[in-house]
Amino acid sequence: MSTVSPDLCMNLPDTLQQACTEPLVAPRGLMAMRLGASLYIPATRPDLAAIANGIKLPGLRSVVFCTEDSVHGRDLERALANVAALLPVLEPSALLRFIRPRNPMVLWRLLQLEGIERIQGFALPKFGPHNLDDWLRVWEHRKSQHYLLPILETVETFDHRKMELVRDRLADNELHEQILCLRIGGNDLLNLLGIRRGRGATVYDTPLRDTIADLVRIFHPAGYHLSAPVFDYLDTPEVLAREVAADLQHGLVGKTAIHPAQIPVIEALYRVALDDYETAKAVLAPDAAAVFRRNDSFCEPATHWRWATGVLARAGVFGVAA
């Protein structure tokens, strides 16, 4: 495998360095790309510091310490005490570290903790029109800059008009630059339908296929990134690989992993095919023709530039497959 340096806009091909001035790939977009396979860790675990400082699971790109669904209500205070003890011992790291608060009040408590500026941001669960004002009220009184990863996983997610409302409200509150990506909570959405995917099925074999496509149409043109739903099974990596390929075809990059064993499967698919890499460079070349043919494919920089910048950004993080 040949690789491109993962250092964001540094040491990348000239075409990508130029593209880094575009909204898709810098700097927020490149950080969103760097999320890769995100591992959610219950904040009640005793090894938070070892994971957060890269001693345990050293290949991890992003981690979310959870105080929500993976933590029983009776254990919430223990989880928050663990987080409070973790923050002062966090060391500088390339690992992107987030916390999932249980609700807006827990977010408020987290924002008061010493050392909270050492994490990159917060994954906001059950995000939608019904609680958007509650999250925003807390966020308006923050003391430091963080990224937000709202999770779309409530019944409103199925309503096109309500998702447009969320998009417009985020713009009205000038939160665009704080939204690193919007995460799609696949299992919560399937639960609302009373469905669990079969062992051999991808999420695109369920009714969520249309929901995901709808979210892409609503949020991508507005400049937001979307990450893909979790895959439930550990013993069917070939199905996981099919799902990740479909994620990419829908424009999703970043996926929750339920176990470290899923991470190499997911991120192997994020490596860019050599033909796509070379085509993207040709599309973004300063002397590219208005329309040209490459490897029997039609290329038109005016309509393919956004795809091409995304391909080169992904190559900059995950490399190019031989």
Side-chain angles (χ1 to χ4, degrees), residues 23-25 28-40 61-62 64 96 98 121 123-125 127 147-154 157-158 160 163 166-167 170 176 179-190 197 201-233 237-258 262-273 276 280 304 306-319 321:
L24 266 186
V25 292
R28 179 175 55 91
L30 285 168
M31 183 171 280
M33 193 75 69
R34 284 179 54 209
L35 290 170
S38 301
L39 194 63
Y40 278 63
R61 294 180 188 270
S62 62
V64 182
L96 300 178
F98 301 86
L124 307 182
F127 191 87
Y147 285 114
L148 295 177
L149 292 76
I151 308 174
L152 306 175
E153 54 186 347
T154 65
T157 308
F158 296 123
H160 186 105
M163 289 298 98
V166 168
R167 178 199 62 198
L170 292 176
H176 189 275
I179 305 294
L180 190 57
C181 75
L182 295 153
R183 306 186 76 83
I184 301 172
N187 277 348
D188 281 83
L189 293 174
L190 286 173
R197 70 173 77 187
T202 75
V203 71
Y204 300 97
D205 299 317
T206 76
L208 291 194
R209 178 189 184 101
D210 292 338
T211 301
I212 292 170
D214 213 24
L215 293 172
V216 170
R217 288 189 291 267
I218 292 168
F219 289 104
H220 272 203
Y224 293 99
H225 296 265
L226 287 165
S227 68
V230 68
F231 182 80
D232 286 356
Y233 299 100
E238 70 286 353
V239 183
L240 171 58
R242 280 200 292 116
E243 179 163 301
V244 176
D247 292 339
L248 290 169
Q249 192 61 44
H250 282 74
L252 310 182
V253 177
K255 192 174 185 71
T256 302
I258 61 170
Q262 290 186 333
I263 293 173
V265 179
I266 294 169
E267 296 193 354
L269 270 293
Y270 288 168
R271 289 200 295 270
V272 174
D276 283 347
H304 293 144
R306 196 169 185 180
W307 166 84
T309 55
V311 165
L312 292 186
R314 185 154 53 92
V317 175
F318 300 102

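This chain uses plain numbering: 1 for the first residue, then up along the sequence. All figures in this text were calculated on a predicted structure; none of them were measured in a lab.
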Considering all heavy atoms of both residues, which atom of [X] and which atom of [Y] are nearest to each other, and what is their separation?
X	Y	result
L39	A257	CD1-O, 3.4 Å
H220	G251	CE1-O, 3.1 Å
V216	P221	O-CD, 3.4 Å
M163	I218	CB-CD1, 3.7 Å
L35	S62	O-OG, 2.6 Å
L189	T154	CD2-O, 3.5 Å

Would L312 and V272 satisfy side chain to side chain contact (heavy atoms under 4.5 Å, CB included), going step by step from the backbone distance to the final call?
CA-CA 8 Å; L312 292 186; V272 174; over 6 Å; no

Exceeds 12 heavy-atom contacts within 6.0 angstrom, atom CD of Q249
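Open: at most 12 neighbouring heavy atoms sit under 6.0 Å from CD of Q249.
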
Per the side-chain contact (heavy atoms from CB on, under 4.5 Å) rule, which among T157, L226, I184, L152 passes with I212?
I184

[X] side, atom [atom1]; [Y] side, atom [atom2] - distance, nearest 0.5 Å:
X	Y	atom1	atom2	answer
I151	T256	CD1	OG1	7.5 Å
D210	L215	CG	CG	11.0 Å
L170	L182	CG	CG	7.0 Å
F219	D214	CZ	CG	10.0 Å
T206	L190	OG1	CG	5.0 Å
L180	L96	CG	CG	7.5 Å

Taking only residues two or more places apart in sequence or in another chain, which ones pass salt bridge (charged side-chain N to carboxylate O under 4.0 Å, His left out) with R242?
none

Residue list, salt bridge (charged side-chain N to carboxylate O under 4.0 Å, His left out) with D188, at least two apart or on another chain
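Result, salt bridge (charged side-chain N to carboxylate O under 4.0 Å, His left out) vs D188: K126.
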
Side-chain donor or acceptor of [X] paired with backbone N/O of [Y] under 3.5 Å:
X	Y	answer
R314	Y270	yes
Q262	P237	no
E267	G36	no
K255	P229	yes

Does the side chain of [Y] come within less than 4.5 Å of [X]'s, by heavy atoms?
X	Y	value
F98	L148	no
R197	D205	no
T211	F158	yes
V230	V203	no
F231	V239	yes

Derivation and outcome, side chain to side chain contact (heavy atoms under 4.5 Å, CB included), residues C181 and R183
CA-CA 6 Å; C181 75; R183 306 186 76 83; 3.9 Å; yes

Is there a side chain to side chain contact (heavy atoms under 4.5 Å, CB included) between R28 and H176? Walk through the geometry before answering.
CA-CA 10 Å; R28 179 175 55 91; H176 189 275; 2.6 Å; yes

By ring pair (Phe, Tyr, Trp, His ring centres under 6.0 Å) - contacts of H250 (at least two apart):
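For H250 the ring pair (Phe, Tyr, Trp, His ring centres under 6.0 Å) partners, ignoring immediate neighbours, are Y204.
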
